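Bear in mind the structure is a predicted one, so any value in this text is a computation, not a measurement.
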Amino acid sequence: MGTLQTQLSVQELARRIGAELRGGGAGDISGVAPLETAGPSQIAFYANPRYRKELQGTRAGAVIVSDEDAAQVPASAARLVATQPYVAFAKASALFHDGLVIEPGIQAGALIDETAEVHPTAAISPGAYVGPTARIGARTTLHAGARVLDGARIGEDCILWPGAVVREHCIVGNRVVLQPNAVIGSDGFGFAFDLEGDGGGPMHRKVPQAGIVRIEDDVEVGACSCIDRATLGETRVGRGTKIDNLVQIGHNVQVGPLCLIVAQVGISGSTQVGQGVVLAGQVGVVGHLRIGDGARAGAQAGVAHDIGEGETVTGYPAMPHREWLRMSAALPRVPELLKQFRKLQQRVEQLEREKGK
Amino acid sequence: MGTLQTQLSVQELARRIGAELRGGGAGDISGVAPLETAGPSQIAFYANPRYRKELQGTRAGAVIVSDEDAAQVPASAARLVATQPYVAFAKASALFHDGLVIEPGIQAGALIDETAEVHPTAAISPGAYVGPTARIGARTTLHAGARVLDGARIGEDCILWPGAVVREHCIVGNRVVLQPNAVIGSDGFGFAFDLEGDGGGPMHRKVPQAGIVRIEDDVEVGACSCIDRATLGETRVGRGTKIDNLVQIGHNVQVGPLCLIVAQVGISGSTQVGQGVVLAGQVGVVGHLRIGDGARAGAQAGVAHDIGEGETVTGYPAMPHREWLRMSAALPRVPELLKQFRKLQQRVEQLEREKGK
Amino acid sequence: MGTLQTQLSVQELARRIGAELRGGGAGDISGVAPLETAGPSQIAFYANPRYRKELQGTRAGAVIVSDEDAAQVPASAARLVATQPYVAFAKASALFHDGLVIEPGIQAGALIDETAEVHPTAAISPGAYVGPTARIGARTTLHAGARVLDGARIGEDCILWPGAVVREHCIVGNRVVLQPNAVIGSDGFGFAFDLEGDGGGPMHRKVPQAGIVRIEDDVEVGACSCIDRATLGETRVGRGTKIDNLVQIGHNVQVGPLCLIVAQVGISGSTQVGQGVVLAGQVGVVGHLRIGDGARAGAQAGVAHDIGEGETVTGYPAMPHREWLRMSAALPRVPELLKQFRKLQQRVEQLEREKGK
C-alpha cells in the first residue's frame, strides 16, 4: 500500500467524500489515522460506540461521523457529517493511499508462454506464470508467483497477488482481486464409490471435473480461499461479491452479486446463493440448497435447509435468529430445570399420597 | 480439463460404462452435460430428486439412472440403467474429458537441482522446483510452481498443481493428486511450554518435527489442505483416501484407506482414523482418538471421544446421530417448557395450599 | 529435517536436558523414537496415560518421564526424570535433529530485486523472490518460492518455507518461522456498502487496507494461515506466539505474546488478545473484543463477548466452561424431560379434577 503525498483543505476533502463540514478551524489534511493516534493534520473515523473514549480524547483535525454521533466529537475537531460515514471514510482513505503499483510490462523472470496473450499495459512480476493461450487484460497486475494456467482469461484492472492460482480455462472478469494463495478452479470433490473398482477392490472413482469457474466483475477473493471448478458447466461468483480468507466454495455453486462471505465459510456443491447474501465467519452450508436474496447466517451457523429471502438464521442446525436467541438464552437453565422438575414430581407424589388417605 | 473429440453410439457407450440400454432411437453421443442444458447428442445424469423437474424437461439424448428412477426419464431420451449410476456417470464423463496434459520433459524455467532424479517421462512446468536428491516418478506432472523439497519422493502418474508443496523427505505414492497450494509435510504444532526458557523468561519451546508424511497410492489432497509431518515417525494417509480443500491433518495422524474427508475438517495430532471413514464438512476431531472403520461424523460435529466401528455421530459434543436428532428437535421447545413449568409449579402450590385448608 | 550423527552417554544426555538419571545400565544414546519402536540406543517419552501399554512394552534405552510416572517405566530402561518432561523431550530431540539447512547465499534461480538488501549469510533458494527495497536479515532462509514484497523487512534467523508470502511493508522479527503458503499482510476484509455506488448501482466499496502486519520475535505461523494487514496502523502478533495451520487473523487484531492459536481458528477484526491465551481448534472470535491474559477457549467455541483474565470458555455461544459442562450433560435429557413433563401435567390435572369433587 503506497501513501500518496496529498494535501487537501478540509473543505475540499468534505466535498470529495460527499460529507457536510461542521465546526471549523481545521487546516489542511494530509492523511487518515485511527482516533487514538490521529494528529491535527489527519482525519479519523467514528461509528462504533466501543471507541467512544478514543473519540473523546482524539486530537484529529477532523472526524467523519453520522449526524447522530456528530455532537460527541470534541470541539477541537471539525465534523465531517455523512449519511454513509463508513463509505465517506473509504473515499477519504482512498485519497491518501493507493495500492502497490508495478511498472507495466513483463519483467525479467516472468514465465510467459509464447502462445499467451498479455496486454501491453499489464504488469507481470518475476516468477509469475501465464500458460499457453491464456489471456491477461489491460492494466492487470500479476505479482510474483501468481499463476494463470492454459486457456484461462483474466480481465482488465485485476490484481493477482503472489501465489494466486487460476487454473485452466477459468474466466475472471474485470477489477477482480485475488489475494495471496487464493485458488480458482481446483477440482471439485467429486468421487463415486465404486464397489467393483478396476480390479483392485472398491475405490472412490474420480468424477471428471470438466467445468470451469467464472468470476464476474468487481469480485474479491481472500487469501487461501478456494473456489472449485464445476463438474460440468460453471461454478460462478456474481458481480461485486466479496469473499474473505480461507473460504471454501464447492463445485457448481452459484453465488449471486453483492454477497459478503466472511472468513472460513464453506459452501457445499451446487448450492445457489442469491443476491446480497451475508454469511458470517465459519458458517457451513450443505449442498444443493437455495439461499434467498438478502438472507443472512450468523457466525458458525450450520445451514442444512433452504433460507428464504431476507431471512436471518443462526445456530446449528440453523434456525430463525429470534428463535435461536430465545433458545440459547433458555438452554443454560436446563440443569436447574431438571432439579426443580424432580422436586415438583415429589411434591405431586406427596399430594397423590395424601389424597389417598 | 480437455475435451476429447470422441463420438460413440449409445450402445457402445452403454457397454463401456456397464449400463443397460433401455428405450432407443438415440444417435451418437459426443459429450456429457447437465440435465437442463444437454442436447440430443449428449448424455445427462439423474439421481437427486431435487432435480426431478430438470429431468422431466431434459432434451438429453440419454440419461444415466438407477432402475428405480428409470420410469421417470422422458420418452425422448434413452435410459442407461446402472446399478451404480454415479459410477456409470463418472466413467461416461471420463470418456469425453481428460485433464490438462503437459508435454513430458523438463520445460525451460523449471528449477531442478542437479542431484534430483526426474524420470524422463515426467512433465515439469516452468517455475516448478525439485530440490536436492528428490525423486519424481514416471508420467508425473509438476505444474508451474509446484515444489518438491530435498529428498522427497513422488511416485508415478501423480499430478502436483501450482503451489503444491511437498516438504523434505516426505513420500508420495502413485496416482496421487495434490490440488493447488496443498501442503504436505509442514511442521506439526508441537511446542513445550518451558517456564524457564533460555534466559528470556517462559517460552514455547519448539519440539523438533523430525518425522515425515507418507501419502499412499490413489490419494487426492484438496487445495490449501495441510498435512503436518510427524514429530517422530510418520503421519500417514491411506490408499485411496480423498481429502477435500482446506483440511487440517495434524502430526502423527494415521488415516486409513478409502476415507472421505470433506472441506475444512480438522484432525488433531495422533488420532487414528480407520478405513472408509467419512468426516463431513467442518468436523473437528481432537487428538489421540480412535475413529473406527466405517464411522461417520455429520457436518460441524465436534468429536471429543473415540467413535466405534460403523457408528454415526453428530453435534457438539458429538453424540450418536439418532440421539442428536431427538435432542435437536427437542431443544427449541425449551423456552416454552420453562414457561409451562412455572405455571405447573403454581398449580401445585395452589393444590398444596388448598390441601392445608 | 536432518538427522545429526550424534552419540551421547545417557549421563551426558541427562545433563544436557536437565533431567535426573535413575536406573542405569543404558549405553550410549543415538536418537529419539516413539515408545513402540524405540530400541536400546534410543530414548522415548511418556506422559499421556493413553500410551501406558506402549510404555510397559517399550525396548527404549531410556524414557523421559515425570517423577510421578517414573515407577511405571520398565526396568530395562533408564529413567530420565524431569520436572517438565515435554520440555526435556524437546531438548533431547533437538540434540539429534536439525532442520533442513540451505547453503548461505543467493542461489541461481532466486529472484532478487536490485534494490533489495539481502544479508550475505541469508540463504535464498531458487524461485524465491525478494522485491524492491525489501530487507532480509542474517542467517534467514527463504526456501523455493517464498516471497517478500516491496519494502517488507524480515529479521534474523527466520525460515520462510515454500509459498510463504510477506506482502509489502510488513515487518517480521527474528527467529520467525512461516510454514508453507502462510500469508502475511493480505488485505483486511473491509468494504463499505455504498447505496449510491459509482453510477452502477449499490456496491461494496473497498476500504483501503493501508496498514501493515508486524510479527514479533519467535513467532511461528502455520501453513496456509492468513494474517491480514491493518486498515490503518498495524495488525500485530506478539513475541513467542505460535499459530497453527489454516488460521485466520483479521485486520487490526492485536495478539499478545506467548499465545497458542490452534488450527482453523478465526479471529475477527480489531479484537485484542492478551498474553498466554490459548484458543483451541476451530474457535471463532467476533470482532472488537478483548480476550484477557491467560484466557482459554475450548475447541469450536464461538466467542461473542469479552473473556476475562484467566477464564475458560466453551460452546456456542461461548460460556464459562463449568457451566457449559453442566449444560451439555443436561441437554440430551431434554427429550425425556418433555415426555415426563406432559405426564406430570396430567397428574396435576387429575388432582385438580378430584379436588373439585
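By the 30° and 60° cut-offs, the orientation of the rings of A/Tyr51 relative to C/His288 is perpendicular.
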Stepwise side chain to side chain contact (heavy atoms under 4.5 Å, CB included) test for C/Tyr316 and A/Thr314: CA-CA 11 Å; C/Tyr316 175 72; A/Thr314 318; 3.4 Å; yes
Audit row: A/Gln179, C/Arg167, side chain to side chain contact (heavy atoms under 4.5 Å, CB included) steps and yes/no: CA-CA 10 Å; A/Gln179 294 291 335; C/Arg167 266 187 50 185; 2.8 Å; yes
Working for side chain to side chain contact (heavy atoms under 4.5 Å, CB included), residues C/Val334 and A/Leu331: CA-CA 10 Å; C/Val334 169; A/Leu331 296 187; 5.9 Å; no
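At a heavy-atom separation below 4.5 angstrom, chain A is approached by C/Gln300, C/Ala301, C/Gly302, C/Asp306 within residues 300-307 of chain C.
If you measure heavy-atom distances from A/Val177 to chain C, you find no contacts under 4.5 Å at all. Both the backbone and the side chain of C/Leu195 come within contact range of chain A, judged by heavy atoms closer than 4.5 Å. For C/Arg147, the part lying near chain A is the side chain, with the backbone staying farther off; criterion is any non-hydrogen pair under 4.5 Å. Only the backbone of A/Ala33 comes within less than 4.5 Å of a heavy atom in chain C; its side chain stays farther off. Only the side chain of C/Tyr129 comes within contact range of chain A, with heavy atoms under 4.5 Å apart. If you measure heavy-atom distances from A/Ser93 to chain C, the contacts under 4.5 Å come from both the backbone and the side chain. With a 4.5 Å cut-off on non-hydrogen atoms, A/Glu36 does not touch chain C at all. For A/Ile261, the part lying under 4.5 angstrom from a heavy atom of chain C is the backbone only. The parts of C/Ser270 that come within reach of chain A are both its backbone and its side chain, each placing non-hydrogen atoms under 4.5 angstrom from that chain. Contacts of A/Leu338 with chain C are made by side-chain atoms alone, with heavy-atom separations under 4.5 Å and no backbone atom involved. Only the side chain of A/Asn48 comes within contact range of chain C, judged by heavy atoms closer than 4.5 Å.
A/Glu54 pairs by the salt bridge (charged side-chain N to carboxylate O under 4.0 Å, His left out) definition with nothing, not counting sequence neighbours.
Neither side chain, C/Glu196 nor A/Gln84, offers a donor N or O lying under 3.5 Å from an acceptor on the other.
Of all the listed residues (C/Leu149, C/Asn252, C/Asp113, C/Asp194), the one sharing the greatest number of non-hydrogen pairs under 4.5 Å with chain A is C/Asp194.
Nearest heavy atoms, C/Val183 versus A/Ala223: CG1-CB, 4.0 Å. For the pair A/Gln264 and C/Leu246, the tightest heavy-atom approach, listed with the atom from each and the gap, is NE2-O, 3.2 Å.
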